[in-house]
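These notes concern the structure reproduced below.
Every heavy atom of this structure was used, including side-chain atoms; hydrogens, water molecules and symmetry mates were not. Just so you know, residue 1 is the first one in the sequence shown, and it goes up from there.
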Amino acid sequence: MARLGASRIVRNFLFVVVDNQRTHLVPEILQSFEDVLRQRQGVAEAEVTSAAELTAPQKTQIQQTLERLTGRKIQANYSLDAALLGGAVVRIGDTIYDGSVRSRLNQMRARLAAE
């Protein structure tokens, strides 16, 4: 660890992890550390799923809109899901913004069935 330039605190922490036989939890520990770091920096992680590949201006517009809505800087991860039919679904923590065509069709179907 010294050759890697790790600080004394990091070395001691890793020794505790190894001594307590928790090395299999290192990926989860790292994820938790990154979550706390993002929270302290005021950054929120957003999962954006769209029906089609988004262009750079669309990604920029979505990011700016989400930053305005949340009041935090957004770090977005993009993925595709053709089942959405159109639009996008954004998940930030426990909050979901669903602007997909599939969702709209399901809402219309439920309203028509209720009538």
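- Under a hydrophobic clustering in which Ile, Leu, Val, Met, Phe, Trp and Tyr are joined whenever their side-chain heavy atoms come within less than 4.5 Å, directly or via other members, Val26 and Phe13 fall into the same cluster.
- Atoms CZ and CG, from Arg102 and Leu84 in turn, are 5.0 Å apart once rounded to the nearest 0.5 Å.
- When Val48, Val90, Thr65 are each tested for a side-chain contact (heavy atoms from CB on, under 4.5 Å) with Tyr97, only one passes: Val90.
- For Val101 against Gly87, the heavy-atom pair with the smallest separation is CG2-N, 4.4 Å.
- The shortest heavy-atom contact between Ala51 and Gly86 is CB-N, 3.4 Å.
- Counting only distance, with no hydrogens or angles, the side chain of Asp98 and the backbone of Ser100 share a donor-acceptor pair below 3.5 Å.
- Within 6.0 Å of CD on Gln39 lie no more than 12 heavy atoms contributed by other residues, nucleotides or ligands.
- The salt bridge (charged side-chain N to carboxylate O under 4.0 Å, His left out) check on Asp35 picks up Arg38, with sequence neighbours excluded.
- When every heavy atom of Thr55 is checked against every heavy atom of Gln58, the shortest pair comes out as N-OE1, 2.8 Å.
- Annotation for Gln61: atom CD does not count as buried by contact number, only 12 or fewer foreign heavy atoms lying within 6.0 Å.
- Summarising the geometry, atom CD belonging to Gln75 is positioned 11.0 Å from atom CD belonging to Glu67; distances are rounded to the nearest 0.5 Å.
- Side-chain contact between Asn12 and Phe15: present, with at least one pair of heavy atoms (C-beta onward) separated by less than 4.5 Å.
- Contact record, Arg72 with Ala44: CZ-CB, 3.9 Å, taken as the closest heavy-atom pair.
- Of the inter-residue distances, the one linking Leu14 atom CG with Thr23 atom OG1 reads 10.5 Å to the nearest 0.5 angstrom.
- In this structure, the separation between OH on Tyr78 and CD1 on Ile62 is 6.0 Å, given to the nearest 0.5 Å.
- A donor-acceptor pair is defined here as one N or O able to donate and one able to accept, closer than 3.5 Å; such a pair exists between the side chain of Arg91 and the backbone of Gly93.
- When all heavy atoms of His24 and Gln21 are compared, the closest pair comes out as CE1-O, 3.6 Å.
- The distance from the CG atom of Leu66 to the CD1 atom of Ile92 is 4.5 Å, given to the nearest 0.5 Å.
- Two residues are said to be in side-chain contact when any heavy atoms from C-beta on lie closer than 4.5 Å; Leu105 and Leu85 meet this criterion.
- The distance from atom OG of Ser103 to atom CE of Met108, rounded to the nearest 0.5 Å, is 11.5 Å.
- At distances below 3.5 Å, not a single donor-acceptor pair connects side-chain atoms of Gln63 with backbone N or O atoms of Ala76.
- The environment of Leu30 atom CG is dense: over 12 non-hydrogen atoms of other residues, nucleotides or ligands sit within 6.0 angstrom.
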| task | Begin with the C-alpha distance, continue with both residues' side-chain angles, and end with the deciding distance and a verdict on side chain to side chain contact (heavy atoms under 4.5 Å, CB included) for Val89 and Ile96. | result | CA-CA 7 Å; Val89 176; Ile96 297 175; 3.8 Å; yes
